[in-house]
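For reference, the structure is listed below as structure tokens.
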Number of protein chains: 2
Amino acid sequence: MLASVVVSRALDRDLQRQAGLTLAEHHLLAIVNESDPQGIRPTDLQLLSTLTKSGLTRAVDRLEALGLIASRVCPTDGRGQLLVLTAKGRQKLRRAAPEFFRSVARYFADHLTDRDTETLTVALERVASADRA
Amino acid sequence: MLASVVVSRALDRDLQRQAGLTLAEHHLLAIVNESDPQGIRPTDLQLLSTLTKSGLTRAVDRLEALGLIASRVCPTDGRGQLLVLTAKGRQKLRRAAPEFFRSVARYFADHLTDRDTETLTVALERVASADRA
DNA sequence: ACTAGTTGATTGTATCAGCAACTAAAACCG
DNA sequence: CGGTTTTAGTTGCTGATACAATCAACTAGT
């Protein structure tokens, strides 16, 4: 817990200074970026994020207000949306990347051996998906 | 990050239902409980907690209002305080313990092998203490 | 089609947390 | 000592988040 708080606070601070984004917001952009180019449904995004449903709604609103993501009504389900990055959003993400990766290395990855990383990845994946299933 | 959020949300939910305590509050009580019986200084408590200075002040206020911890002026430093658990605080902690440990097992520990646990403990300790040093 | 129930997403409200500015006590130092 | 700097802790303010209730759209069973 301490480790995750220390790391996420450091990343959050760096991102805010560098790109004006919260870690959570940056994470959302990153997930959207890596998902289906057609767009991702908020529900799916929520499962991959650290936010709850309502938290996600608000965060998406902010990102939309910043012009970083765009939404359109899902053609196959009138209740839902499809979220995609705007050009500006992709740019923001791309520009933030180098320093972000440096921060991740500095606060987290550099402190782990390759074996540590392997173990963490597998074990924490198991923990994270346990009660989401 | 996802793992830590999933676990801490689950623990938080269980603790609030069971004992009316936030995970952060429970954590503070646990730290105070394990520290010097003479009391612990807020600054030291802060280093072991996931809160910042101001967050700690508020959390301590709440716990004091609940009668779970008590503070007195530090005899060797007029600016500081010494925090101790009250009898009520110790009782609260003791009563919450069995179910809390079950929750920890269920959401976290049970998903790890002994080797995982060993690796996590060592590696994350390193991460957590990196920029606190 | 019509109703019942479910699911996707939003909103009202309350709380918690953090930053930055502040107060007060202690340590430092010429 | 007297003045400056550092450290301990608090507070005003703001923003983010969660929970619970709500609204809207889909699905199914009749």
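Within every chain, numbering begins at 1; the chains are lettered A, B, ... in the order of the sequence lines, protein sequences first and strands thereafter. Computed from a prediction, not measured in an experiment: that's the story for all the values here. Scope of the values below: all heavy atoms of this structure, side chains included, with no hydrogens, waters or symmetry mates.
- B:T119 and A:D116 are not linked by any side-chain donor-acceptor pair at a separation below 3.5 angstrom, with hydrogens and angles left out of the test.
- Heavy-atom distances to DNA chain D give each of B:R79 and A:T22 a nearest nucleotide, and the one nearer the 5′ end belongs to B:R79.
- Around CZ of B:R41, the count of heavy atoms belonging to other residues, nucleotides or ligands within 6.0 Å exceeds 12.
- The CZ-P distance, from A:R17 to C:dA20, rounds to 12 Å in whole Å.
- Residue B:T43 is classed as a sugar-phosphate contact, given heavy-atom separations below 4.0 Å to backbone atoms only.
- Using modelled atom types, one finds no donor on one side chain facing an acceptor on the other under 3.5 Å when comparing B:D114 with B:T117.
- Atom pair A:Q81:CD and C:dT10:C1' shows a separation of 10 Å (rounding to whole Å applied).
- Looking only at distances, no side-chain donor or acceptor of A:E25 sits under 3.5 Å from a matching main-chain atom of A:A59.
- Protein chain B touches strand DNA chain D; the 5'-most and 3'-most nucleotides with an atom under 4.0 angstrom of its non-hydrogen atoms are D:dT7 to D:dA18.
- Remark: side-chain polar atoms of A:T22 are not paired, donor with acceptor, to backbone N or O of A:A24 under 3.5 angstrom.
- Counted by atom type alone, B:T52 and A:R9 present zero donor-acceptor pairs between their side chains at under 3.5 Å.
- Counting distance only, with no hydrogens placed and no angle test, the side-chain atoms of B:T52 and the base atoms of C:dG18 include no donor-acceptor pair under 3.5 Å.
- Within residues 55-72 of chain A, the residues that place at least one heavy atom under 4.0 Å from DNA chain C are, in residue-number order, A:T57, A:R58.
- Rounded to whole Å, atom P of C:dT7 lies 14 Å from atom CZ of A:R41.
- Separating the CG atom of B:L21 from the C1' atom of C:dT15 is a distance of 15 Å, rounded to the nearest angstrom.
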